[in-house]
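Encoded as structure tokens, the structure appears first; notes follow it.
Hydrogens, waters and symmetry mates are skipped; everything else that's a heavy atom, side chains included, is used. Order of the sequence lines sets the chain letters (A, B, ...), proteins ahead of strands, with each chain counted from 1.
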Amino acid sequence: MTEMLLAVQQPFDFQECLVFLSRSEQEVLHVTTPDTVRKLMRIGERLILIELQEVEKHICVRFPVDEVSETEKERVAREVRDWLDLERDLKPFETMGAKDELLAPLIEAHRGLRTIGFPDLFEALVWAIIGQQITLSFAYTIKRRFVERYGDHRVVEGRAYWTFPWAERIALLEPEGLRELQFSRRKAEYVIDIAREITNGDLSKTALQSHSSADIRQRLLAIRGVGAWTADYVLMKCFQDASAFPIADVGLHQAIQHQLGTSKKPTIEEVKRYGESWQGWEGYATFYLWRSLYGNV
DNA sequence: GGCCAGGTGATGG
DNA sequence: CCATCACATGGC
């Protein structure tokens with residue numbers, strides 16, 4: 001079996017990544033075991049199954065069933081680094097957070113956790129839109145239906161591995177094709193519009209990546225269905241902007257309330273005030289606060 | 001059964 | 001510019 005080792009900046013904790021990746025029973029885009037995760041990646045025209053495991057403070061990438069070229073290996077490495085934010089140096093975040101009443105206990109408990117994102121822009125946008133104003137578990141239900149209806153899959157060792165649907169395919173749908181999966185009418189329109197923008201080249205992660213976060217944010221806000229929350233969420237999870245801050249996020253508010261043990265959720269103004277001491281790391285702070293909401297494994 | 005969900009756009013003052 | 005409302009439906 002082919003494999004390669006990826007170096008990771010310390011501190012890094014792969015187990016923490018696995019906890020995050022295992023948070024929903026309904027997740028269909030990767031499969032975790034106690035010490036590995038497998039994912040089907042689209043590399044060029046191929047669907048390649050990869051498996052990750054921590055080996056001596058490195059990430060070992062294996063290809064359980066595929067022969068891959070050097071070029072493909074490089075593309076997989078790039079995708080894995082983006083997915084798990086492996087190139088980030090967390091030390092400044094830990095130094096900052098050690099003095100913060102909200103972050104200090106979380107950094108202590110989850111040292112080495114990285115934001116886990118969506119390298120694919122279409123996936124990031126669609127997932128954010130699905131998740132607007134509904135419970136996370138309902139969002140996962142809809143996403144599973146969407147992936148199993150319109151995504152591609154391979155069966156390996158009796159297990160199905162799925163990829164997120166290509167924009168090219170969704171661009172051909174009418175809203176009814178998503179209404180059936182319990183998208184709201186408007187969300188169905190947003191998702192199809194975005195798929196069409198991506199397909200015809202008007203919206204591209206590669207093209208946006210050379211711009212500043214402020215410019216990317218402005219471009220995202222121009223998309224119907226993308227408001228401040230979604231734009232910041234996508235900056236954080238797709239463009240790896242550690243300072244992106246989805247300030248109105250209810251999960252963030254809940255987490256702050258729990259951490260402080262208060263009876264009410266904080267106001268936006270109060271959240272802003274906490275954020276002032278996180279400068280440059282607002283996205284990481286948010287991700288760690290989200291982490292506090294799903295158990296202590 | 002009522003209220004809340006990892007919000008957004010439209011509408012009206 | 002700010003407040004309010006419809007959207008859709010599951011989960012608790």
Side-chain angles (χ1 to χ4, degrees), chain A residues 19-29 102 106 113 115-118 121-146 164 174-195 197 203 217-259 262-272 274-275 278 282-295:
Chain A
V19 170
F20 176 83
L21 291 168
S22 310
R23 72 192 173 138
S24 172
E25 301 285 320
Q26 298 214 68
E27 177 59 63
V28 279
L29 294 178
L102 283 170
L106 297 177
L113 170 67
T115 60
I116 292 168
F118 305 100
L121 178 59
F122 184 56
E123 179 182 348
L125 281 165
V126 171
W127 173 237
I129 287 169
I130 289 175
Q132 291 168 359
Q133 188 56 22
I134 60 175
T135 58
L136 208 47
S137 64
F138 184 32
Y140 269 112
T141 302
I142 293 177
K143 167 170 138 173
R144 183 172 46 73
R145 291 181 188 143
F146 182 64
F164 200 76
E174 294 303 323
E176 293 67 33
L178 297 180
R179 281 289 293 139
E180 291 170 30
L181 312 181
Q182 282 181 296
F183 281 67
S184 69
R185 169 97 204 169
R186 262 188 334 207
K187 286 185 182 179
E189 292 171 3
Y190 298 157
V191 165
I192 292 169
D193 285 352
I194 289 169
E197 279 197 71
L203 180 63
R217 188 170 192 274
Q218 197 169 22
R219 173 65 184 93
L220 295 174
L221 286 172
I223 301 169
R224 240 169 65 86
V226 175
W229 177 85
T230 303
D232 290 326
Y233 181 87
V234 169
L235 274 172
M236 172 183 167
K237 301 274 283 187
C238 184
F239 291 91
Q240 293 174 279
D241 179 353
S243 71
F245 194 18
I247 197 162
D249 183 84
V250 298
L252 173 65
H253 299 176
Q254 236 173 68
I256 292 175
Q257 180 188 356
H258 286 177
Q259 288 303 300
T262 49
S263 57
K264 284 183 182 167
K265 285 195 285 196
T267 63
I268 296 286
E269 281 312 309
E270 287 168 331
V271 179
K272 244 179 219 163
Y274 289 115
W278 303 337
E282 293 88 340
Y284 255 87
T286 301
F287 196 75
Y288 272 62
L289 282 156
W290 284 342
R291 173 64 181 84
S292 71
L293 293 174
Y294 49 91

Query raised in the report: What does A:Phe183 touch in the nucleic acid at a heavy-atom separation under 4.0 angstrom: a base, only the sugar-phosphate, or nothing?
Result: nothing
Query raised in the report: The side chain of A:Trp290 lies closest to which of these nucleotides: C:dC7, C:dG10, B:dG6?
Result: B:dG6
Query raised in the report: Charged N to carboxylate O below 4.0 Å: is that the case for A:Arg224 and A:Glu189?
Result: yes
Report task. Using side-chain contact (heavy atoms from CB on, under 4.5 Å) as the criterion, point out the one residue from A:Asp232, A:Val226, A:Thr230 that pairs with A:Leu220. Result -> A:Val226
Query raised in the report: Below 4.0 angstrom from OP1 or OP2 of C:dG10, is there any side-chain N or O of A:Gln133?
Result: no
**Report entry** Nucleotide C:dT9, atom C1' - distance to CD of A:Gln132 in whole Å
**Finding:** 15 Å
**Report entry** Interatomic distance where CG belongs to A:Leu293 and P belongs to B:dC4 [whole Å]
**Finding:** 18 Å
**Report entry** Residue whose closest nucleotide on DNA chain B lies nearer the 5' end, A:Arg224 versus A:Tyr233
**Finding:** A:Tyr233
Requested in this report: Take A:Thr141 and A:Ser184, find for each the nucleotide of DNA chain C with the closest heavy atom, and name the residue whose nucleotide sits nearer the 5' end.
Outcome: A:Ser184
Query raised in the report: Hey, does the side chain of A:Thr135 come within less than 4.0 Å of B:dG6's phosphate (OP1/OP2), counting only N and O?
Result: no
Query raised in the report: When the distance from CD1 of A:Ile268 to C1' of C:dA3 is rounded to whole Å, what number comes out?
Result: 15 Å
Report task. Measure the distance from CD1 on A:Ile129 to C1' on C:dA8 and round it to the nearest whole Å. Result -> 16 Å
Query raised in the report: Okay, side chain of A:Tyr284, backbone of A:Thr115: is any donor-acceptor separation there less than 3.5 Å?
Result: yes
Query raised in the report: For A:Arg145, which contact category applies under a 4.0 Å heavy-atom criterion: base, sugar-phosphate, or nothing?
Result: nothing
**Report entry** Heavy-atom donor-acceptor pair, A:Arg23 side-chain to B:dG6 base, under 3.5 Å
**Finding:** yes
Query raised in the report: Rounded to whole angstroms, how far apart are CD1 on A:Ile134 and P on C:dC12?
Result: 14 Å
Query raised in the report: Watson-Crick or G-U wobble partner for C:dT9, using a 3.5 Å limit on both distances?
Result: B:dA5
Query raised in the report: Between B:dG6, B:dG9, C:dA8, which one does the side chain of A:Asp249 approach most closely?
Result: B:dG6
Query - Euclidean distance for C1', B:dG1 against C:dG11 (whole angstrom) - result: 13 Å
Query - Centroid-centroid under 6.0 Å between A:Phe183 and A:Phe146 rings - result: yes
Requested in this report: Would you mind telling me which residue lines up with the more 5' stretch of DNA chain B, A:Gly225 or A:Met236, judged by nearest nucleotide?
Outcome: A:Met236
Requested in this report: Measure the distance from NZ on A:Lys187 to P on C:dA6 and round it to the nearest whole Å.
Outcome: 17 Å
**Report entry** Distance (rounded to the nearest 0.5 Å) between A:Lys187 NZ and A:Leu181 CG
**Finding:** 13.0 Å
Query raised in the report: When you compare C:dC5 with B:dG6, how far apart are their P atoms, in angstrom units rounded to a whole number?
Result: 23 Å
**Report entry** Whether over 12 other heavy atoms sit under 6.0 Å from A:Gln257 CD
**Finding:** yes
Query raised in the report: Base, sugar-phosphate, or nothing: which does A:Ile142 touch, judged by heavy atoms less than 4.0 Å apart?
Result: nothing
**Report entry** Length of the CD1-C1' vector between A:Ile247 and B:dG7, whole Å
**Finding:** 15 Å
Requested in this report: Taking only the side-chain heavy atoms of A:Val250 (C-beta and beyond), determine which of C:dG11, B:dT8, B:dA5 contains the nearest atom.
Outcome: B:dA5
Report task. Figure out the CZ/C1' separation between A:Arg291 and B:dG6, and round it to whole Å. Result -> 16 Å
Requested in this report: Ignoring backbone atoms, test whether A:Gln182 places a side-chain nitrogen or oxygen under 4.0 Å from the OP1 or OP2 oxygen of C:dG10.
Outcome: yes
Report task. Kindly say whether the aromatic ring centers of A:Phe118 and A:Phe164 come within a distance under 6.0 Å. Result -> no
Query raised in the report: If only side-chain N and O atoms of A:Lys265 are considered, is one of them under 4.0 Å from the OP1 or OP2 phosphate oxygen of B:dG6?
Result: no
Query raised in the report: Which is true for A:Ala228 with a 4.0 Å heavy-atom rule: it touches a base, it touches only sugar-phosphate, or it touches nothing?
Result: sugar-phosphate
Query raised in the report: Who does C:dT4 pair with, Watson-Crick or G-U, both distances under 3.5 Å?
Result: B:dA10
Query raised in the report: When you compare B:dA10 with C:dA8, how far apart are their P atoms, in angstrom units rounded to a whole number?
Result: 14 Å
